[in-house]
Amino acid sequence: MTGMLMGTADLVPGISGGSVALLSGIYGRLLTAISHLSHRHLLKLVMGRQVAKAWHYVDGLFLVNLGLGMATALLLLSKLITWLLLVQPLIMWSLFLGLIMVASLLLLQELYAQNQLRRSWLVLGLVVSVALANVPMLHTVDGFSGWGYLWLMAAGALAITAMILPGVSGSFMLLMLGIYPFLIARLAALDVQIIAIFSLGCGFGLIAFSRVISYLLKRHTAAVMSLLAGLMMGSVVKLWPWKHTISYRLNSAGLEVPLQQENLMPWVYSQMTGSDNQLIWCILVCCLAGLLVAKFGRIQLQDLAT
């Protein structure tokens, strides 16, 4: 179930699968398991034909279950999420806003309770996240060929690096690179070649970066988690439901879709767009999402440093 939730989160620009892992209490375990995939001790176990010990060393069953859940969500829900964001954008973004707002507050509460909050790192994370939310997107990519597949692999490595960090959205990184619309379309169409190349890049990035973040978490837990709390708080800028589109781009189907947007207050949104701001429904959905996170969310710093 957690894997499916992570996969669903990674489909949405502005939401991170790492945030779901953090709230589920499996973040530290996930990083440790992934980092062991590139460890020399694993190679020794495999070369020594100690398959059972190797499987246990990488927490194989845990990774497989999580991976299958994520893959299922990515394959089955890509069209649904895209459709919901199209037909009910205010409600959907309010849902995501409530999730992330309460998740960041839970993390801040845990940091403060454990006397681990580092305000300078918190502010840095907040500034970086807000800056990323305002970075203009590159020209939309409509296909790859030849050496261009290396760029697709590199994008996969960058996206998975972002996905594993709470508060940093891999989908948003792909959106900024101009690859997100193309990749979602190929994912929905089950384009095996594109999915395989992108997944290969994700694999390289995941193994390499997980060791770095795992190392930092064990030795600098307070600073890293304060930074991640800031990143999560800053992502609210991207998730704000009421937006005004400044410029558009053409997608692969030749249709105009938003390129650059600015946040508006709900009543200003209604005045500028002539559309219902759905304020009451948005508040209700936001609060419901927040209550669910507060009820079932679990963040404990000791789980991260192990």
Step-by-step side chain to side chain contact (heavy atoms under 4.5 Å, CB included) determination, Met233 to Leu122
CA-CA 9 Å; Met233 292 173 63; Leu122 176 71; 3.9 Å; yes
Note to self: Checking Lys243 against Tyr269 for the side chain to side chain contact (heavy atoms under 4.5 Å, CB included) test, could you report, in this order, the C-alpha distance in whole Å, the side-chain angles of both residues, the deciding distance, and whether it holds?
What the structure shows: CA-CA 7 Å; Lys243 298 179 182 294; Tyr269 170 85; 6.0 Å; no
Practice problem: Applying side chain to side chain contact (heavy atoms under 4.5 Å, CB included), run through Tyr112 and Leu108 and close with a yes or a no. | Solution: CA-CA 6 Å; Tyr112 185 80; Leu108 281 176; over 6 Å; no
Point to revise | Derivation of the side chain to side chain contact (heavy atoms under 4.5 Å, CB included) call for Ile34 and Leu63 | key: CA-CA 8 Å; Ile34 295 172; Leu63 286 181; 4.1 Å; yes
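Relative orientation of the Tyr57 and His41 rings is perpendicular, given thresholds of 30° and 60° on the angle between their planes.
Residues Phe96 and Leu84 share a single hydrophobic cluster, defined by chaining ILVMFWY side chains whose heavy atoms lie under 4.5 Å apart. Linking ILVMFWY side-chain heavy atoms closer than 4.5 Å, directly or via other members, places Leu105 and Val123 in two distinct hydrophobic clusters. Leu291 and Leu284 are members of different hydrophobic clusters when ILVMFWY side chains are connected at heavy-atom separations under 4.5 Å. A chain of hydrophobic side-chain contacts below 4.5 Å, direct or via other Ile, Leu, Val, Met, Phe, Trp or Tyr residues, connects Val87 to Val285. Tracing side-chain contacts under 4.5 Å through hydrophobic residues (I, L, V, M, F, W, Y), one never reaches Val236 starting from Val127; they form parts of separate clusters.
Between Met272 and Leu264, the closest side-chain pair of non-hydrogen atoms falls below 4.5 Å. Here the side chains of Asp59 and Thr32 are not in contact, with every heavy-atom distance at 4.5 Å or above. Side-chain contact between Met225 and Leu117 is absent, with no heavy-atom pair separated by less than 4.5 Å. Put simply, the side chain of Phe62 reaches to within 4.5 Å of the side chain of Leu30, judged on heavy atoms. Side-chain contact between Leu45 and Trp55: absent, with no pair of heavy atoms (C-beta onward) separated by less than 4.5 Å. Residues Leu228 and Trp121 are not in side-chain contact: their nearest non-hydrogen atoms beyond the backbone lie 4.5 Å or more apart. Side-chain contact between Ser129 and Val237: absent, with no pair of heavy atoms (C-beta onward) separated by less than 4.5 Å. In this structure, the side chains of Ile283 and Ser94 stay at 4.5 Å or more apart for every pair of heavy atoms.
If you take CG on Leu90 and SG on Cys286, they are separated by 12.5 Å, rounding to the nearest 0.5 Å. To the nearest 0.5 Å, the span separating CD on Gln116 from CG on Leu107 amounts to 11.5 Å. Atom CG of Leu292 and atom CG of Leu99 lie 8.0 Å apart (nearest 0.5 Å). Once rounded to the nearest 0.5 Å, the distance linking NE2 of His220 with CZ of Arg118 reads 12.0 Å. Here the straight-line distance linking atom CG of Leu126 with atom OG of Ser226 works out to 12.5 Å at 0.5 Å rounding. Summarising the geometry, atom CD1 belonging to Ile195 is positioned 11.0 Å from atom SG belonging to Cys202; distances are rounded to the nearest 0.5 Å.
Without hydrogens or angle criteria, Ser104 side chain to Met101 main chain gives a donor-acceptor distance under 3.5 Å. A donor-acceptor distance shorter than 3.5 angstrom exists from the side chain of Thr72 to the backbone of Leu68, with no hydrogens or angles considered. Side-chain N or O atoms of Ser270 include one that pairs as donor or acceptor with a backbone N or O of Ser275 at under 3.5 Å. A side-chain donor-acceptor contact under 3.5 Å links Trp242 to the backbone of Asn277.
Smallest separation of non-hydrogen atoms from Ala289 and Leu95: CB-O, 3.4 Å. In terms of heavy-atom proximity, Leu42 sits nearest to Ala54 at CD1-CB, 3.7 Å. Contact detail for Phe198 and Ala159: the closest heavy-atom pair is CZ-CB, 4.3 Å. Contact record, Trp240 with Pro266: CZ2-CD, 4.3 Å, taken as the closest heavy-atom pair.
Taking a 6.0 Å sphere around CZ of Arg119, one finds it holds 12 or fewer heavy atoms contributed by other residues, nucleotides or ligands. Remark: Gln109 CD is loosely packed, at most 12 non-hydrogen atoms of other residues, nucleotides or ligands lying under 6.0 Å away.
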